[in-house]
Amino acid sequence: MFAIFFELNEGLSIAWRAIKANKIRAALTMLGIFIGITAVVLMSTAIKGIENSIQSGVSTLGSDNLYIDKFAWFSNQEFWKMRNRENITMEDFKKFKELAKLPDVVVPLLYSRQTIKYGNRKIDDGVLNGSNSDFLTTTNFDFELGRFYSEIESNGSRNVVVIGNEIASKLFPRGDALDKVVKIGAVNYKIIGVLARMESLFNSPDNQIYLPIGTIFKNFASRNRGTVTIVVKARNPQMVEDTKIEAEGVMRKVRGLSHKEENDFSVNQQEALTSFFDNITIVIKIAGLFITGLSLFVGAIGIMNIMFVSVKERTKEIGLRKAIGATRRTILIQFLLESSVICIIGGLFGLIAAILLSLMLNQFFPTSIQYDVVILAIFISLLTGIFAGLAPAYTAAKMDPVEALRFE
Amino acid sequence: MNIINIEHIAKVYQVGSEEVHALRDVTLKINQNEYVAIMGPSGSGKSTLMNMLGCLDTPTSGIYDFKNVSVSEMTDNELARIRNKEIGFVFQTFNLLARSDAVHNVELPLIYAGVTSSERKERARQALIDVGLGDRMHHKPNELSGGQRQRVAIARALVTNPAIILADEPTGNLDSKTGEEIMALFHEIHERGNTIILVTHEEYIAEHALRIIRLKDGLIEKDETVEKRYIPKAKASFV
Ligand SMILES: Nc1ncnc2c1ncn2[C@@H]1O[C@H](COP(=O)(O)OP(=O)(O)O)[C@@H](O)[C@H]1O
Ligand SMILES: [Mg+2]
């Protein structure tokens, strides 16, 4: 045990001398691993960032919500078949709400795409979400300014809107959106609330506009024959399954389906979304791993190459070390340590570069630095060092001392 | 006490389809505190014999006992251990680590002997003082003269207190005056009780020894005691 510690310690100091003796070569060698580790760490922070933002994006939908919709979000059912289903109407919604006993809240939701204007600024294709005042309880909204529309505003189909953070900053760069009047289509609306930033990739509330559903019917009725989504919030996560079973039964009744007929609606859940995005993340991870693995591999081959040159150049030194008592194992360990030290130093620089880069990239793209990437980077560097050093170290170890000493 | 006992040793190198008989049939004994010169023309097998004696190489056939232990049956690791503990090599081309100072060069064998760093430094310093380089501890090889480099190499050979010192043409790269100083150093090392085996092709260098073994074509031509031994006048070491 002591002997191994002694050998590692002495090996390290010999390796360190060798690295110092040829700084430029060591630096060039480090470049290979530097690039590899930068790529690996950057990729892993990017993947983590994507994962996080999908997580938060999905969770803005609320995990105990069900969405009864004409279309299934993700399914193998034929789109054409679903397209031919009857739209879900407000009448359906009202009947459903009356019959369903388990839900905490039931609200309608109707989408519409419109152009929003303020002065000479405008947003094409803004997504309007029409619902009623209970809609708020199905979300996890925070407000930067103002409030959500009230029951009175909702029932009265008032021309009031709550806007997402991104929309607010596009139309009102100075942050003075509250109480301003925007034009949607041909009608003026008063902004009564601005949501706090939500930061999510999918269907982000940051880019949405919320207003009473009656207002949509009132102002866009002729142009919009959309289908209503019935949002059902379970009382708690444990009751989601029961609520879902009840919702399906109630909805079949509402639609007047006989036993033989298939559902002409779909009950969607965040779970479907989560698993869909899980699959996407897995694909990104595999692709990312492959690409960065490739760059690491190229780096490792470079290191191996230089280590071979280094062994060749130091043939005489190896011969001498053997002549004065170095065993094969000692020589093997010495060169393995040399390439490992080079890789770990290069890897640490790569790690620093990756952290700086990911902080910079964070402004355009969600990245997330985890503490475990530090351990990951060092571990991968060490492995690469051993992998790249093994063949050259073995060549050195098995040299014949007489031949090596004669080498010129 | 007998240190080296070799009987009917042969070494054959295979070069392509041709066999080169570097040593054919060599038998000799070397005892403690002997001072032996191995002489012979170029290609006569001196270095081959030296590598054999130094456990760097194993014979193709024959018996080699080092301190009554058979070397022919030793593993690589055991050979490395013998080289480390029992043998001090001095080479014609010094073979110092170019980027390390004198102390580090001298302590090298002690690293492989598992000696701790502080003791290594202490013993390396003492060995350097012994060879007259007390004031050159931290000079790198390129900051030393040829003679001084060879002294560092000799200090490195002495630092482990080996049973024998093996020197292959140690003065071959030095001018005659410096060579003479190195021979004076060997003389004193021998006086202190060490065993020295020296390879040379120069008669006057060989006459510093007590015994001369003459090789020719891989065979011992003559094994003689030196009648008129040359005692170096130069005094350039042990303070
Ligand atoms: N590794 C080797 N491979 C092939 N032939 C060798 C090898 N080493 C030595 N020889 C041959 O063995 C003979 C003796 O060589 P050596 O012992 O170096 O002679 P010396 O040191 O007396 O000049 C020479 O003919 C040389 O060419
Ligand atoms: Mg020779």
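Chain identifiers are assigned alphabetically (A, B, ...) following the order of the sequence lines, protein sequences preceding nucleic acid strands; residue numbering begins at 1 within each chain.
- Taking NZ from A:K322 and CZ from B:R83, the interatomic distance works out to 7.5 Å, rounded to the nearest 0.5 Å.
- Expressed to the nearest 0.5 Å, how far CD1 of A:I14 lies from NE2 of B:H104 amounts to 6.0 Å.
- With a 4.5 angstrom heavy-atom cutoff, B:T93 touches chain A only via side-chain atoms.
- Interface residue B:V115: only backbone heavy atoms are found under 4.5 Å from chain A.
- Closest approach of A:A326 and B:A80 over heavy atoms only: O-CB, 4.0 Å.
- The environment of A:F297 atom CZ is sparse: at most 12 non-hydrogen atoms of other residues, nucleotides or ligands sit within 6.0 angstrom.
- Listed here is the closest heavy atom pair of A:R17 and B:S100: NH1-OG, 3.6 Å.
- B:N77 and A:R328 get closest at one heavy-atom pair: OD1-N, 4.4 Å.
- Within the 4.5 angstrom heavy-atom criterion, no atom of A:E403 approaches chain B.
- By the neighbour-count criterion of 12 heavy atoms within 6.0 Å, atom OH of B:Y13 is densely surrounded, having more than that number from other residues, nucleotides or ligands.
- The parts of B:I111 that come within reach of chain A are both its backbone and its side chain, each placing non-hydrogen atoms under 4.5 angstrom from that chain.
- Scanning both residues, B:N84 and A:G325, for their nearest heavy atoms gives CB-CA, 3.6 Å.
- Atom CD of B:Q14 has more than 12 neighbouring heavy atoms from other residues, nucleotides or ligands inside a 6.0 Å radius.
- At most 12 heavy atoms of other shown residues, nucleotides or ligands fall within 6.0 angstrom of atom NZ in B:K85.
- Contact annotation: the side chain of B:L97 approaches that of A:L320 to within less than 4.5 Å [non-hydrogen atoms, C-beta and beyond].
- Across B:L56 and A:D400, no two heavy atoms sit closer than the pair O-OD1, 4.4 Å.
- Atoms CD and CD, on B:E107 and A:E10 in that order, are 7.5 Å from each other to the nearest 0.5 Å.
- Contacts of B:N95 with chain A are made by both backbone and side-chain atoms, with heavy-atom separations under 4.5 Å.
- Considering all non-hydrogen atoms of both residues, A:A323 and B:F91 come closest at CB-CZ, 4.2 Å.
- Per-residue heavy-atom pair counts under 4.5 Å with chain A were compared for B:L108, B:L79, B:I87, and the maximum is reached by B:L108.
- Contacts of A:T330 with chain B are made by side-chain atoms alone, with heavy-atom separations under 4.5 Å and no backbone atom involved.
- Shown here is B:R81, whose CZ atom has no more than 12 heavy atoms of other residues, nucleotides or ligands within 6.0 Å.
- Residue A:R329: no heavy atom, backbone or side chain, is found under 4.5 Å from chain B.
- For the pair B:N51/A:R406, no side-chain contact is recorded, criterion being any heavy-atom separation below 4.5 Å from C-beta on.
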